[in-house]
Undergrad: 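One structure is given below, represented as structure tokens, and several questions about it will come after.
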Amino acid sequence: QVQLVESGGGLVQPGGSLRLSCAASRNIFSINRMGWYRQALGKQRELVAAITSGGSRSYADSVKGRFTISRDNAKNTVYLQMNSLKPEDTAVYYCNARVVGAWAAANDYWGQGTQVTVSS
């Protein structure tokens, strides 16, 4: 099992910045991929950014150039730096951990979510 706790959400004006944090209950060396998803009201959950144990990063087209995912292995924590925020970024943001075990079996673990609201 992997327990994930998100923090850092809140209310921000358009053009502002927030940094989300996700603390994992085990060494993230053992987690194959960590990422951030978001779900806006009435919409499906979508992948925003991800980082593998090897350091490879990926981003949704809608956030490229504005968001940055990073990690601190010593703190077992993954971050999402969000700059130039837009109202369309308003959503609940969820931390995700994907663990691949024997025979390539994969399990996904989720945090409880943190609300990000971009509004004047």
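Throughout, numbering of the chain's residues begins at 1 and tracks the sequence.
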Undergrad: Could you see if Val12 belongs to whatever hydrophobic cluster contains Val92? Use Ile, Leu, Val, Met, Phe, Trp, Tyr and a side-chain cutoff under 4.5 Å.
TA: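 Different hydrophobic clusters.
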Undergrad: Look up atom OG in Ser84 and atom CG in Asp89, then write down how far apart they are to the nearest 0.5 Å.
TA: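 Interatomic distance, Ser84 OG to Asp89 CG, rounded to 0.5 Å: 9.5 Å.
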Undergrad: Side chains of Asn83 and Ser17: donor-acceptor distance under 3.5 Å anywhere?
TA: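 Their side chains do contain a donor-acceptor pair, which is all the 3.5 Å distance test asks for.
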Undergrad: Please write out which residues are connected to Leu41 in a hydrophobic cluster, directly or through intermediates, given that two of Ile, Leu, Val, Met, Phe, Trp, Tyr count as joined at side-chain heavy-atom separations below 4.5 angstrom.
TA: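 Besides Leu41, the hydrophobic cluster comprises nothing; the residue is isolated.
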Undergrad: Do other residues, nucleotides or ligands put more than 12 heavy atoms under 6.0 Å from the CD atom of Gln39?
TA: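 Counting neighbours around CD of Gln39, more than 12 heavy atoms of other residues, nucleotides or ligands fall under 6.0 Å, so yes.
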Undergrad: Tell me, do Glu6 and Leu20 make a side-chain contact under 4.5 Å, heavy atoms counted?
TA: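 No, their side chains stay 4.5 Å or more apart.
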Undergrad: Go through it in stages, so that I can follow the logic: the residues are Thr90 and Arg38, the test is side chain to side chain contact (heavy atoms under 4.5 Å, CB included), and I'd like the CA-CA distance, side-chain angles, deciding distance and then a yes or no.
TA: CA-CA 9 Å; Thr90 296; Arg38 68 185 181 188; over 6 Å; no
Undergrad: Between Trp36 and Met82, is any pair of side-chain heavy atoms under 4.5 Å apart?
TA: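 A side-chain contact under 4.5 Å is absent here.
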Undergrad: Could you tell me whether the side chain of Val5 reaches within less than 4.5 Å of the side chain of Gln3, counting heavy atoms only?
TA: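 A side-chain contact under 4.5 Å is absent here.
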Undergrad: Locate the shortest heavy-atom distance separating Gly8 from Leu18; write the atom from each residue and the value.
TA: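 The pair with the smallest heavy-atom distance is O-CD2, 3.9 Å.
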Undergrad: Measure the SG-CG distance between Cys22 and Asn96 for me, rounded to the nearest 0.5 Å.
TA: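 Between atom SG of Cys22 and atom CG of Asn96 there are 8.5 Å.
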Undergrad: Let me confirm one number: the CE-CZ distance from Met34 to Arg98, rounded to the nearest 0.5 Å.
TA: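 Answer rounded to 0.5 Å: 12.0 Å.
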Undergrad: Between Ser119 and Leu11, which heavy-atom pair has the shortest distance, and what is it?
TA: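 Scanning both residues, the minimum pair turns out to be CB-CD1, 4.2 Å.
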Undergrad: Taking the side chain as every heavy atom from C-beta outward, state whether Gln81 and Tyr79 have any atom pair closer than 4.5 Å.
TA: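 Side chain of Gln81 against side chain of Tyr79, heavy atoms only: no contact under 4.5 Å found.
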Undergrad: Where do Tyr94 and Leu4 land on the side chain to side chain contact (heavy atoms under 4.5 Å, CB included) test, with the steps shown first?
TA: CA-CA 9 Å; Tyr94 296 91; Leu4 304 170; over 6 Å; no
Undergrad: Report the C-alpha separation of Arg33 and Ser56 in whole Å, then their side-chain angles, then the decisive distance to 0.1 Å, and conclude whether the side chain to side chain contact (heavy atoms under 4.5 Å, CB included) test is met.
TA: CA-CA 9 Å; Arg33 192 199 77 170; Ser56 180; over 6 Å; no
Undergrad: Say you draw a straight line from CZ of Arg71 to OG1 of Thr52; how long is it, rounded to the nearest 0.5 Å?
TA: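 Reported to 0.5 Å precision, the distance equals 6.5 Å.
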Undergrad: Are Leu85 and Phe67 packed together at the side-chain level, in the sense that at least one heavy-atom pair is separated by less than 4.5 angstrom?
TA: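 They are in contact (side-chain heavy atoms under 4.5 Å apart), so the answer is yes.
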Undergrad: Any link between Tyr37 and Leu80 through a network of hydrophobic side chains (Ile, Leu, Val, Met, Phe, Trp, Tyr) touching at under 4.5 Å?
TA: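 In one cluster: no.
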